[in-house]
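In what follows, a structure is listed as structure tokens, so that the remarks can point back to it.
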Number of protein chains: 4
Amino acid sequence: MSTAKKRVIVDVDVGTDDALALLVLLHAEKNGLAKIEAINCSKGNASLKDVTRNVIRLLEILDRTDIPVYKGATEALIPPETPIPQFHGKDGFGDLEHEKEPDVSIVQKDSASVAMRNLVINNPGQISLICIGPLTNIALTMKLFDDFAPNIKEIFIMGGNYAATGNVTETAEFNFYVDPEAAYIVLENAQCPLTIATWETCLNTHLTFRWRFDVLGSKNTPIMELLNRAEKSIYPEKENPPDSIWYPCDALCVIAMLYPNESITKQSKHNATVELHGSKTRGQIVLDHLKQKDPNVTMLEKINDEFIKEILLQAT
Amino acid sequence: MSTAKKRVIVDVDVGTDDALALLVLLHAEKNGLAKIEAINCSKGNASLKDVTRNVIRLLEILDRTDIPVYKGATEALIPPETPIPQFHGKDGFGDLEHEKEPDVSIVQKDSASVAMRNLVINNPGQISLICIGPLTNIALTMKLFDDFAPNIKEIFIMGGNYAATGNVTETAEFNFYVDPEAAYIVLENAQCPLTIATWETCLNTHLTFRWRFDVLGSKNTPIMELLNRAEKSIYPEKENPPDSIWYPCDALCVIAMLYPNESITKQSKHNATVELHGSKTRGQIVLDHLKQKDPNVTMLEKINDEFIKEILLQAT
Amino acid sequence: MSTAKKRVIVDVDVGTDDALALLVLLHAEKNGLAKIEAINCSKGNASLKDVTRNVIRLLEILDRTDIPVYKGATEALIPPETPIPQFHGKDGFGDLEHEKEPDVSIVQKDSASVAMRNLVINNPGQISLICIGPLTNIALTMKLFDDFAPNIKEIFIMGGNYAATGNVTETAEFNFYVDPEAAYIVLENAQCPLTIATWETCLNTHLTFRWRFDVLGSKNTPIMELLNRAEKSIYPEKENPPDSIWYPCDALCVIAMLYPNESITKQSKHNATVELHGSKTRGQIVLDHLKQKDPNVTMLEKINDEFIKEILLQAT
Amino acid sequence: MSTAKKRVIVDVDVGTDDALALLVLLHAEKNGLAKIEAINCSKGNASLKDVTRNVIRLLEILDRTDIPVYKGATEALIPPETPIPQFHGKDGFGDLEHEKEPDVSIVQKDSASVAMRNLVINNPGQISLICIGPLTNIALTMKLFDDFAPNIKEIFIMGGNYAATGNVTETAEFNFYVDPEAAYIVLENAQCPLTIATWETCLNTHLTFRWRFDVLGSKNTPIMELLNRAEKSIYPEKENPPDSIWYPCDALCVIAMLYPNESITKQSKHNATVELHGSKTRGQIVLDHLKQKDPNVTMLEKINDEFIKEILLQAT
Ligand SMILES: [Ca+2]
Ligand SMILES: [Ca+2]
Ligand SMILES: [Ca+2]
Ligand SMILES: [Ca+2]
């Protein structure tokens with residue numbers, strides 16, 4: 001296993017796969033592999049308010065409200081003019097009934113951007129960003145503060161695609177489509193290693209709903225009880241029979257960041273940017289297939305299924 | 001004349017017409033009509049560094065370095081992929097030689113966005129914004145801080161167009177073309193009265209270069225001496241014969257804001273947004289000619305030439 | 001009045017204003033000012049089938065079925081992905097009940113493109129095109145036959161705009177929006193004088209519905225009886241009170257072509273092309289306000305209201 | 001081998017790989033597998049004039065000037081605003097010196113569109129189209145003649161992509177990029193089976209330049225002598241070392257059409273259209289990854305390398 005402890009800021013739009021990703025991070029923290037410096041909330045799978053509530057509920061269950069939680073931007077830079085399908089329920093977490101309301105008063109007063117910038121410039125070259133929602137917060141911070149991008153250690157992103165495979169439009173992945181300008185800004189302005197787990201990366205995994213509910217779901221922990229209820233609501237069995245594939249996208253991205261040697265079985269370097277102007281391709285990643293520009297991203301292509309299972313079983 | 005004292009933040013990309021606009025504001029301040037709370041520097045006619053130097057040089061000459069100066073964003077949200085013509089020289093001010101370097105150490109430490117937001121939320125409904133450069137700073141602040149837009153008193157903008165007349169591309173005006181996404185964001189997110197002096201507004205004025213240099217330029221003040229040198233460098237007489245028209249766009253916008261009754265002779269209300277995606281129309285304002293949406297802007301159409309002359313003669 | 005007899009092909013998408021335009025042409029033919037060589041039918045205000053029926057019905061009433069009628073393209077090059085409002089009823093002519101079905105068997109066997117090209121190349125420099133529907137047929141013919149464009153005498157178009165004023169979208173006029181690629185092709189490939197009566201040209205006229213129905217409509221002719229019924233169906237009085245403005249766009253264009261000296265009171269030359277790619281500006285005319293390209297069109301700006309009335313009263 | 005004799009119209013922009021494709025067709029004709037009804041010339045790898053000369057030169061060498069040759073459109077519907085790289089030399093055939101000028105007087109008088117339409121409607125359901133250049137001619141004919149598309153038997157196209165891999169821009173393949181509107185029109189309007197050999201299909205083959213020049217090139221025929229000279233000019237050895245891959249794209253498409261069972265090893269059905277409006281993706285094929293629309297194309301994914309070699313060796 002990797003040995004250097006990673007200091008991470010994680011930008012989330014929770015989302016049940018964000019929740020799993022956080023569990024993987026917290027598990028790594030227990031094992032000395034990571035330290036979660038901050039959690040930024042980002043509009044995406046749900047409104048900023050719901051994302052914030054979802055994050056705090058998770059931290060309360062896990063007894064980790066010591067981790068600072070920040071609010072990011074309420075809206076994308078240029079929000080889509082027509083509504084986007086909500087994959088994770090209206091509240092981003094299966095619209096479950098809960099016994100008690102999370103205590104949102106613990107949210108930090110500083111905005112995510114200001115806090116993230118301060119953390120990065122006070123720890124130059126030390127902080128890894130893990131971005132598993134739309135990239136609004138990262139983009140705004142890059143544009144506002146010139147000293148932010150040069151001092152980031154590395155960026156991992158779940159989002160986009162490398163072969164024009166879409167999941168929310170024909171050619172665009174959800175996180176990139178929600179805020180294409182932000183994705184463009186991050187790809188153009190990053191000055192550190194930038195690694196992307198794309199929608200095709202997820203499509204190249206093969207974890208079944210059977211494994212999800214019968215094996216992983218059989219773990220008898222409070223958090224798994226919550227995740228089971230949420231994902232059974234989000235993925236009704238009729239539409240997702242046991243042998244169909246379950247895509248815990250955000251968790252895959254975090255696993256790849258924490259355990260690159262064990263998990264990544266295929267990757268490649270490319271120059272990548274984002275189409276902002278197409279009528280059918282807005283939000284699609286554009287790779288420079290002419291090889292005229294220097295690579296700026298590493299695209300993860302395949303992640304080891306068995307290793308993913310192993311980590312998810314440990315982390316939940 | 002108007003009697004309420006306006007408290008203003010002015011966002012500039014100086015630019016000789018920004019300089020004139022500042023002179024008009026300072027003159028109004030002397031007369032108790034305005035108070036300049038802050039000057040934000042914005043990339044546009046020159047780099048952020050040069051804009052900042054140009055602003056401080058002006059304030060030094062005018063002995064008004066007491067006004068706080070803030071640095072805004074270094075680049076537009078999505079900068080043009082091909083370079084933009086520089087109308088005002090490489091340094092935005094005619095590339096003159098100067099005896100001494102302005103003291104940029106007086107620039108405030110806070111970023112323009114953070115400071116502007118604090119000023120606005122601490123004085124709700126009290127602060128007018130005058131935007132005479134690209135709208136990057138205003139847009140970033142709107143996206144970052146939800147409490148910013150609802151607490152602005154009013155916004156005046158120099159930029160855009162209402163009949164697709166361009167001055168930097170066929171259909172786009174400079175300030176809007178430099179950062180179309182920022183212009184879009186401001187028009188979509190403003191919650192206060194929003195007034196725009198467009199490129200057509202300027203084209204509807206008729207001040208000649210003869211008047212500029214022979215009448216206005218004959219004033220014997222240090223600031224006019226500087227402006228004469230700068231504008232003679234920017235507008236060589238060969239290309240701008242005495243009877244051709246001189247467009248002090250930013251000053252027109254400020255005059256309209258300070259003296260609406262005396263200066264504005266025609267205006268109209270519209271729903272306006274910005275084309276972001278055209279191959280020939282990126283940055284053009286789009287008016288809702290179908291009248292299906294509520295008006296969100298007041299377009300200034302004509303400003304009184306004689307009143308402009310009167311104010312400029314007083315202010316310089 | 002002009003004395004040279006114009007030989008014209010008229011491309012229509014009838015439409016009641018197309019009908020009036022045809023009446024003006026037929027009136028000029030009686031007076032020796034014009035000869036109608038062919039009528040091309042074009043999809044636009046109605047389907048190609050309905051347009052063809054509408055044309056033949058008119059010719060039957062007027063006893064002019066000697067004029068050859070051709071069928072053009074069934075669809076625009078790239079039809080709009082969402083339906084377009086039908087201004088002239090579903091059949092393009094007020095959805096009236098008729099006693100007898102027009103005899104569509106008189107339609108020529110050749111396609112409009114092939115026939116139009118043959119007529120033009122066999123009479124080089126002799127044929128004027130009047131285009132008062134979408135430009136699909138003209139564009140297809142230009143692309144198919146290299147010898148077509150160089151042999152046209154002149155082209156008059158009703159369509160587009162010069163100040164981004166839309167009537168079907170916010171920024172696009174109906175004829176140009178229905179087939180923007182065709183409009184682009186015609187503007188790029190025309191080699192003869194090209195004159196455009198735009199939507200703004202129409203907006204600069206001031207004929208009231210009162211004049212339309214009380215004066216013009218009081219004429220006691222079979223064709224006026226039909227037009228009265230059709231336009232009363234299309235323009236219900238509730239939505240079009242007597243003092244509101246009636247726009248017989250296509251007729252204006254034909255009047256300007258036939259009687260330029262008497263009718264045109266303002267015009268200007270421009271380089272014009274068409275935006276194909278905007279999300280809000282598709283189909284808008286783009287003028288080269290930077291004056292970097294040679295003029296390729298004459299834009300009609302104002303047409304004399306009194307002269308229009310005079311001709312319409314004579315022609316109906 | 002397939003036994004039904006295919007009657008084909010082939011639309012070419014010769015191009016050395018068009019030449020090879022023609023050789024494969026002519027070889028099949030000898031074996032009773034195909035009959036070439038017409039060759040349409042299309043602007044693409046060279047001007048229409050040069051393409052026509054290249055085609056006739058080939059037919060002269062092969063003593064097959066009996067096959068009717070037609071001239072198509074001189075230009076794409078909306079030609080690219082910036083020039084496109086010429087892969088095959090200025091004349092599309094390596095800019096060789098030739099002893100004698102081909103006799104272009106044998107070109108048919110009818111335009112390609114008119115002749116192709118007549119052939120198709122007179123032989124309903126009998127004619128296969130093979131399109132190995134830009135799709136301008138097919139699109140124009142579909143738009144002009146409503147009876148054309150319903151009477152075609154099948155269409156094979158070399159062009160486009162299924163994973164956004166570009167060869168002339170970052171995301172667009174040459175034939176589709178040269179005339180994206182034509183490609184869009186063909187994909188939207190085809191009513192028969194439509195099969196596409198894309199740029200990725202070619203990238204999935206592995207014929208080396210070593211095989212091309214040392215094995216295939218060693219054949220001692222007049223046509224191979226010409227092709228060797230042309231391809232040695234187009235592919236200088238320095239830039240194309242022996243072990244690099246040679247892509248005879250058009251020939252692959254024809255082989256797949258003539259010998260589907262023997263050659264095609266992977267294919268899939270999709271709904272496909274073309275992006276017309278992106279700033280980086282114009283001309284890219286867009287697949288409906290959301291599976292909301294019915295399939296309209298079969299994408300060839302892999303073609304058997306050994307079978308390609310076998311056919312090329314027989315045909316040259
Ligand atoms: Ca997420
Ligand atoms: Ca300015
Ligand atoms: Ca019409
Ligand atoms: Ca070819």
Side-chain angles (χ1 to χ4, degrees), chain A residues 78 82 84-85 87 160-174 176-177 180-181 183-184 187-188 198-204 239 244-245 247 268 270-297 299 301, chain D residues 78 82 84-85 87 160-174 176-177 180-181 183-184 187-188 198-204 239 244-245 247 268 270-297 299 301:
Chain A
I78 312 289
T82 47
I84 290 189
F87 292 125
N161 43 32
Y162 57 80
T165 315
N167 61 16
V168 63
T169 70
E170 298 182 345
T171 63
E173 179 276 341
F174 182 86
F176 272 45
Y177 184 71
E181 278 75 16
Y184 178 96
L187 267 57
E188 292 291 318
T198 70
W199 176 232
E200 288 99 349
T201 319
C202 300
L203 290 175
N204 285 336
E239 298 165 21
S244 62
I245 306 298
Y247 299 113
S268 51
H270 299 273
N271 183 283
T273 183
V274 178
E275 173 64 79
L276 301 178
H277 305 302
S279 74
K280 298 171 191 298
T281 53
R282 181 165 156 80
Q284 177 192 312
I285 285 185
V286 167
L287 298 188
D288 176 19
H289 288 288
L290 304 183
K291 308 285 179 201
Q292 292 173 334
K293 301 177 208 152
D294 290 335
N296 64 335
V297 305
M299 290 289 179
E301 296 188 32
Chain D
I78 312 290
T82 47
I84 289 188
F87 293 124
N161 44 31
Y162 57 79
T165 315
N167 61 17
V168 62
T169 69
E170 296 182 344
T171 63
E173 179 275 341
F174 181 87
F176 272 44
Y177 184 72
E181 278 76 16
Y184 178 96
L187 267 56
E188 293 291 318
T198 69
W199 176 232
E200 288 99 349
T201 320
C202 300
L203 290 175
N204 286 336
E239 298 166 20
S244 63
I245 306 298
Y247 299 114
S268 51
H270 299 273
N271 184 282
T273 184
V274 179
E275 173 64 79
L276 301 178
H277 304 301
S279 73
K280 299 171 190 299
T281 54
R282 181 165 157 80
Q284 177 193 310
I285 285 187
V286 167
L287 297 188
D288 176 21
H289 288 288
L290 305 182
K291 308 287 178 200
Q292 293 174 332
K293 301 177 207 152
D294 290 336
N296 64 336
V297 304
M299 290 290 179
E301 296 188 31

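These figures come from a predicted structure and were not determined experimentally. Chain naming here is simple, since letters A, B, ... match the order of the sequence lines and numbering starts at 1 in each.
Among the candidates Ile285(D), Val168(D), Thr165(D), the residue making the largest number of heavy-atom pairs closer than 4.5 Å to chain A is Thr165(D).
Neither the backbone nor the side chain of Asn161(D) comes within less than 4.5 Å of any heavy atom in chain A. For Asn167(A), the part lying near chain D is the backbone, with the side chain staying farther off; criterion is any non-hydrogen pair under 4.5 Å.
Between Glu170(A) and Val286(D), the shortest heavy-atom distance links the atoms OE1-CG1, 3.0 Å.
Scored by the side-chain contact (heavy atoms from CB on, under 4.5 Å) test, Thr169(D) finds Thr171(D), Ala172(D), Tyr177(D) as partners (sequence neighbours excluded). Every residue two or more places apart in sequence or in another chain that forms a ring pair (Phe, Tyr, Trp, His ring centres under 6.0 Å) with His277(A) is listed here: His277(B). Ser268(A) meets the side-chain hydrogen bond (donor to acceptor under 3.5 Å, both in side chains) test with His270(A), Glu301(A); sequence neighbours excluded.
Atom-to-atom distance recorded for Thr281(D):OG1 and Arg282(A):CZ is 12.0 Å, nearest 0.5 angstrom. Rounded to the nearest 0.5 Å, atoms CD (Glu275(D)) and CD (Gln284(A)) are 8.5 Å apart.
Of the options Thr273(A), Leu276(A), Val274(A), a side-chain contact (heavy atoms from CB on, under 4.5 Å) to Lys280(D) is made by Thr273(A) and by none of the others.
Taking non-hydrogen atoms and a 4.5 Å limit, the residue list of residues 289-296 of chain D in contact with chain A, ordered by number, reads His289(D), Leu290(D), Lys293(D).
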